[in-house]
Protein chains: 2
Amino acid sequence: MSTRKISDSMVRRLSGYLRQLRFLAAEGRRVVSSQELADEAATTAAQVRKDLSQFGSFGQRGRGYPVVPLRDELVRILGLRRPWRACVVGAGRLGTALLGYEDFGKRGFEIVAAFDVDPELIGKEVEGIPVLSIEDLESEIRTRGIELAVLTVPHGPARRIADRLAEAGVRGILNFTPTRLRARPGVSIRGMDIAVELEGLSYRIVTGGEPGGNGA
Amino acid sequence: MSTRKISDSMVRRLSGYLRQLRFLAAEGRRVVSSQELADEAATTAAQVRKDLSQFGSFGQRGRGYPVVPLRDELVRILGLRRPWRACVVGAGRLGTALLGYEDFGKRGFEIVAAFDVDPELIGKEVEGIPVLSIEDLESEIRTRGIELAVLTVPHGPARRIADRLAEAGVRGILNFTPTRLRARPGVSIRGMDIAVELEGLSYRIVTGGEPGGNGA
């Protein structure tokens, strides 16, 4: 049951298993097969067994995995035992779409504020979430205990705002901007580059169109 | 210069190198170091050299890589020598945000139509792109030669619409829905699950917060 470092791709698979386990737990299911978990994470049953064997002896041969204990263990491994407090920086169209993304709450991420430069938006609520002035970024992050930021600002100010987020104590940034952010000690950064995903599709199609690396 | 199958993570790195090469080419740069490419793709110079060595003998020891020839080779490898014709299915907030995403065009993806069920939207244009009725999905895809679809519909109709896209001849789907799509022969699927990325951030933070798997 160690929490040693595991690869990004394994973390993605564990997220996929967790999503399926949450769904099954809500339905009242008690046991799940490695094949069902594999389908959800777009991997193989053998890979599921290999991944989960690293976290102790879940599941009995031929009997599958117990849904609730395995869910709770994955919640623990992924650091989701308490909700993360997050903000969206940039309340444009993408930011606004993300503010309405109901999966955040279900998955353990509480969006507590949005930040923008637009005086028309500042002081209003979008999807019940207050839009605050980017001028108050540092103080609001500290006051509200914000730990994660979803960055959807334009390229121009992206790096400067990421630096300010890091200075203010944010520990993780999900980067939707087209800008590569500078690495900062103590701040984890993940990029969501939509064009990179499309290029991945393009590659798969021209090389023979295997049916999807990740159907999730 | 083969186009044999390479891993998803390598395809992502090649996309990162390509993004940097396009930027440098526009600036008129002629040579780039493996370290500069590594920074852009959030990897190491050694990994860059290893990746690129698989596609022939680019670059000379100590001299770096020629920007334009390497860019053109990566464009070829990733299947981007001609633009892909794409549509956005679901013109809600996320779909609308994507219709305005200017990087699509620059990266070789031409969004030629959006589809929705909302009579208020059908027949209008958003960001200069016509919104068509989802009832006409199959005929419009064929008429307009659409090859890729970006799926942003709700969970309810997601699988059925993905099946219709596949039937109509779409070869790749970028799936923004929370629904795992069924694999179909000849159709590549990639998922963009924002909560999975946040869970990846959470894991990195609780295990010590390395400064970002992918700063892109």
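Side-chain atoms are counted along with the backbone in the values below, which use heavy atoms only and exclude waters and symmetry mates. In what follows, chains carry the letters A, B, and so on, assigned in the order in which the sequence lines appear, proteins first and then strands, with residues in each chain numbered from 1.
Between A/Arg204 and B/Val11 the shortest heavy-atom distance is NH2-CG2, 4.2 Å. What you find for B/Ile189 and A/Leu201 is that their closest heavy atoms are N-CD2, 4.0 Å.
Of the listed residues (A/Gly16, A/Ala195, A/Gly108, A/Gly95), the one with the most heavy-atom contacts under 4.5 Å to chain B is A/Ala195. Each of B/Leu18, B/Thr152, B/Ile173 has some count of heavy-atom pairs under 4.5 Å with chain A, and the biggest count is that of B/Ile173.
In this structure, the side chains of A/Arg93 and B/Arg93 stay at 4.5 Å or more apart for every pair of heavy atoms.
Taken from OH in A/Tyr203 to CG in B/Leu14, the straight-line distance is 8.0 Å, to the nearest 0.5 Å. The OG atom of A/Ser15 lies 9.5 Å from the CG atom of B/Leu198; values are rounded to the nearest 0.5 Å. Between A/Ser202 atom OG and B/Arg107 atom CZ the span is 11.5 Å, to the nearest 0.5 Å. Summarising the geometry, atom CD belonging to B/Glu197 is positioned 11.0 Å from atom CG belonging to A/Asn175; distances are rounded to the nearest 0.5 Å. Rounded to the nearest 0.5 Å, atoms CG (A/Leu148) and CD1 (B/Ile205) are 5.0 Å apart. In this structure, B/Ile194 CD1 and A/Leu98 CG are separated by 5.0 Å, a value rounded to the nearest 0.5 Å.
Around atom CD of A/Glu27, more than 12 heavy atoms belonging to other residues, nucleotides or ligands sit under 6.0 Å away.
For B/Leu80, the parts lying near chain A are the backbone and the side chain together; criterion is any non-hydrogen pair under 4.5 Å.
With salt bridges taken as basic N to acidic carboxylate O contacts below 4.0 Å, none links A/Glu199 and B/Arg190. A salt bridge links A/Arg19 with B/Asp193: at least one charged nitrogen is closer than 4.0 Å to a carboxylate oxygen.
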